[in-house]
Amino acid sequence: MADVTTKWSANNVTSPGYNYSAITPSNSVDEANGPFKAIYVGGPGDIALVGLDNVAVVIAAAVAGSIIPLIGRRVNATSTTASLLIGIR
């Protein structure tokens, strides 16, 4: 059987996610698995997203079940009220 990881792991901005992990909001610690290219929102609320350039922006009123297609290095704990966040890489 072919190695599925090798065949489907093209990692660029337009490729589908191939790695997922829960996001633990932190004001100082970047995601352990590296930057994510989208966030799945499990519970509604605001998301304080920090981009690759270290600039933070608050995504207001993210809807539960949505996918936010923004690249980021972490989600700040301060100002984040959304829950059950999953980083898509």
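The model shown is predicted, which means the values in this text are computed figures rather than measured ones. All values below were derived from every heavy atom in this structure, side-chain atoms included, with hydrogens, water molecules and symmetry-related copies excluded.
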For Ser79, which of Val57, Asn27, Val58, Ile59 qualifies under side-chain contact (heavy atoms from CB on, under 4.5 Å)?
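Answer after filtering Val57, Asn27, Val58, Ile59: Val58.
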
- Say whether, by atom type as modelled, one donor and one acceptor occur between the side chain of Ser26 and the main chain of Ser28 under 3.5 angstrom.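 Looks like yes, one N/O pair under 3.5 Å.
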
| field | hydrophobic_cluster_shared for Ile68 and Phe36, side chain cutoff 4.5 Å | value |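 They do share one cluster, since a chain of ILVMFWY contacts under 4.5 Å joins Phe36 to Ile68.
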
Q. Does Ile23 share a hydrophobic cluster with Leu70, counting links as ILVMFWY side-chain heavy atoms below 4.5 Å and allowing steps through other members?
A. yes

Step by step, work out the side chain to side chain contact (heavy atoms under 4.5 Å, CB included) result for Ile86 and Ile39.
-> CA-CA 6 Å; Ile86 297 174; Ile39 300 173; over 6 Å; no

Result block: side-chain N/O donor-acceptor pairs under 3.5 angstrom for residues 42-55, not counting sequence neighbours:
| from | atom 1 | to | atom 2 | distance (Å) |
| --- | --- | --- | --- | --- |
| Asp46 | OD1 | Ala61 | N | 2.8 |
| Asp53 | OD1 | Val55 | N | 3.1 |
| Asn54 | OD1 | Arg73 | NE | 3.4 |

Subject >> Working for side chain to side chain contact (heavy atoms under 4.5 Å, CB included), residues Thr80 and Leu85 >> reply: CA-CA 10 Å; Thr80 294; Leu85 302 174; 4.2 Å; yes

Output, in order, the C-alpha distance, side-chain angles, deciding distance and verdict of side chain to side chain contact (heavy atoms under 4.5 Å, CB included) for Tyr20 and Arg89. CA-CA 6 Å; Tyr20 315 89; Arg89 290 168 188 78; over 6 Å; no

Q: Show the numbers, then the answer: is there a side chain to side chain contact (heavy atoms under 4.5 Å, CB included) between Leu84 and Val41?
A: CA-CA 6 Å; Leu84 304 171; Val41 182; over 6 Å; no

* Check Asp30 against Arg74 and note the closest heavy-atom contact, atom names and distance. =>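 Closest approach of Asp30 to Arg74, heavy atoms only: OD1-NH1, 2.8 Å.
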
